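Right, one structure below, let's go through it.
Only this structure's heavy atoms are used, side chains among them; waters, hydrogens and symmetry mates stay out. No experiment lies behind these values; they were computed from the predicted model shown.
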Amino acid sequence: MEIMDGKALAKSIRENLKLEVEELKKQGKIPKLAVILVGNDKASQIYVRNKSKVCMELGIEYEEILLEETIKMQELLDIIDSLNNREDIKGILLQSPIPKHLDINEAFRRIKPEKDIDGFNPVSVGKLCLNQDTFVSCTPFGILKLLEAYGVEIDGKDAVVIGRSNIVGKPMALSLLNKNATVTVCHSHTKNLSEITKKADILVVAIGKKHFVTADMVKTGAVVIDVGINRTDEGLFGDVDFENVKEKASYITPVPGGVGPMTIAMLMTNLVKATKNS
Ligand code: NDP
């Protein structure tokens, strides 16, 4: 069994990006990220702070747009439009969740596909579905990079994804399908879940329930990717019962230190790509 070290891989990706950013700057192409944060969600504030730190580390310019909880939809759309129209801004990120009275799908739709480094615009998702070049949602993109770095073959494998959210499960399933895996997507209505997971060569778990996947649900030799982030008083836990599942897996990601650090590295990868394309 090998533990997939997302922290180390993310670090080496960031180091390479830093060099690319220097090169781009020499050509007069300055990467700049705009992050929109609406309201006072504590977790979002932490995520945004982490993104700003990584930008600083890589020499990427960063602008934060802090909006009141009470902002109207039209005002939010106007702000997105103004960022869309600014030449200096190469990537736009709307931190979710946003307050309930706002329509997040409309907001994501408004972000220009060329600046949609999160890959949440329907155009980006549609291109992923059609297996065309696009910005892929950063968590699935990071998982693909991890699999690639550890030499995990995807072609022809049985892949099972638990979770079908727009930001993780669905783009993950599409990405694995594009790499020629035979993909099964499970969710809260799935019957006989463990019968399905036991067939998986590659099992991706993204549901948000601490230690939901137990050793009896996993085939010996499976590659197990744990996306879950469950914060409890005892600390941070994944969706997979790591200690027991690792005895059966061939490769497994830890939480923390697996998928999490990859997500932000891929966001920066997408930003550098958007800058190159601009
Ligand atoms: P969502 O809550 O949007 O989706 C959860 C999915 O899990 C849904 O599709 C749901 O099914 C499914 N599900 C819930 N319970 C069960 C069950 N008992 N059996 C089978 N399926 C179930 O979550 P996200 O996709 O946004 O995130 C999932 C986890 O990943 C969270 O812990 C989140 O914090 C973490 N995360 C981690 C990231 C990282 O960088 N490491 C990035 C993004 C998320 P249904 O659709 O039927 O409701």
Side-chain angles (χ1 to χ4, degrees), residues 1-10 40-51 95-97 137-147 150 152 159-173 175-176 183-267:
M1 183 276 308
E2 193 170 351
I3 294 175
M4 298 171 113
D5 189 344
K7 200 172 165 191
L9 180 59
N40 305 309
D41 184 76
K42 286 280 172 285
S44 295
Q45 286 171 348
I46 296 171
Y47 292 139
V48 166
R49 201 178 321 132
N50 288 342
K51 284 164 191 164
Q95 185 64 49
S96 67
S137 172
C138 300
T139 301
F141 188 19
I143 292 169
L144 285 188
K145 284 284 163 202
L146 262 175
L147 293 172
Y150 280 85
V152 174
V160 173
V161 179
I162 320 182
R164 57 172 167 178
S165 70
N166 291 341
I167 65 166
V168 187
K170 273 185 206 154
M172 186 74 247
S175 298
L176 290 165
V183 182
T184 307
V185 185
C186 303
H187 44 78
S188 67
H189 296 247
T190 299
K191 299 216 164 52
N192 303 323
L193 182 66
S194 61
E195 294 308 311
I196 299 167
T197 58
K198 269 193 275 191
K199 296 201 172 87
D201 301 309
I202 300 171
L203 178 62
V204 181
V205 192
I207 58 181
K209 293 199 165 120
K210 180 187 159 188
H211 291 183
F212 180 87
V213 168
T214 47
D216 59 309
M217 295 169 75
V218 176
K219 178 164 97 175
T220 302
V223 176
V224 181
I225 305 289
D226 189 352
V227 183
I229 299 177
N230 305 290
R231 290 176 208 282
T232 72
D233 292 340
E234 288 81 46
L236 193 68
F237 296 92
D239 289 346
V240 174
D241 176 10
F242 180 83
E243 284 307 320
N244 293 311
V245 173
K246 79 178 186 343
E247 304 303 329
K248 287 180 95 176
S250 57
Y251 292 93
I252 187 166
T253 60
V255 176
V259 174
M262 292 299 294
T263 298
I264 192 151
M266 301 330 287
L267 181 75

- Message: Could you report the tightest heavy-atom contact between Asp5 and Tyr150, atom names first, then the distance?
- Response: N-OH, 2.7 Å

- Just jot down the salt bridge (Lys or Arg N to Asp or Glu O under 4.0 Å) partners of Glu243, sequence neighbours excluded, or say none. Lys246

- Item | Candidates Val218, Asn244, Ile207, Thr197 - the one meeting side chain to side chain contact (heavy atoms under 4.5 Å, CB included) with Val213 | Val218

- Task: Apply the test side chain to side chain contact (heavy atoms under 4.5 Å, CB included) to residues Leu147 and Met4: give CA-CA distance (whole Å), side-chain angles for both, the deciding distance (0.1 Å), then the verdict.
- Result: CA-CA 9 Å; Leu147 293 172; Met4 298 171 113; 4.1 Å; yes

- Of all residues at least two apart in sequence or in a different chain, which pass the side chain to side chain donor-acceptor pair (under 3.5 Å) check with Asn50? none

- Query: With sequence neighbours excluded, what pairs up with Lys199 under the salt bridge (Lys or Arg N to Asp or Glu O under 4.0 Å) test?
  - Reply: none

- Could you tell me whether the side chain of Tyr251 and the main chain of Ile202 form a donor-acceptor pair under 3.5 Å? no

Side-chain donor-acceptor pairs of residues 187-195 under 3.5 Å, sequence neighbours excluded:
| residue | atom | partner | partner atom | Å |
| --- | --- | --- | --- | --- |
| His187 | ND1 | His189 | N | 3.2 |
| Thr190 | OG1 | His187 | N | 2.7 |
| Thr190 | OG1 | His187 | O | 3.1 |

- Query: Where is the tightest heavy-atom contact between Gly258 and Leu146, given as atom of each residue plus distance?
  - Reply: O-CD1, 4.2 Å

Please table the atom pairs, donor to acceptor, closer than 3.5 Å between any side-chain atom in residues 219-231 and protein atoms at least two apart or in another chain.
| residue | atom | partner | partner atom | Å |
| --- | --- | --- | --- | --- |
| Lys219 | NZ | Asp201 | OD1 | 2.7 |
| Asp226 | OD1 | Gly228 | N | 3.1 |
| Asp226 | OD1 | Asp239 | N | 2.8 |
| Asp226 | OD2 | Asp239 | N | 3.1 |
| Asp226 | OD2 | Val240 | N | 3.0 |
| Asn230 | OD1 | Lys209 | N | 3.4 |
| Asn230 | ND2 | Phe237 | O | 3.2 |
| Asn230 | ND2 | Gly238 | O | 3.2 |
| Asn230 | ND2 | Asp239 | OD1 | 2.9 |
| Arg231 | NH2 | Tyr47 | OH | 3.4 |

- Closest non-hydrogen atom pair between Gly169 and Val161, with its separation: O-CG1, 3.8 Å

- Euclidean distance, Leu203 CG relative to Lys198 NZ, rounded to 0.5 Å: 12.5 Å

- Task: Give a yes or no answer on whether the side chain of Ser137 reaches the backbone of Ile167 with a donor-acceptor pair at less than 3.5 Å.
- Result: yes

- Item | Contacts of type salt bridge (Lys or Arg N to Asp or Glu O under 4.0 Å), residue Lys51, not counting sequence neighbours | none

- Do you know the tightest heavy-atom contact between Gln95 and Ser44? CG-CB, 3.7 Å

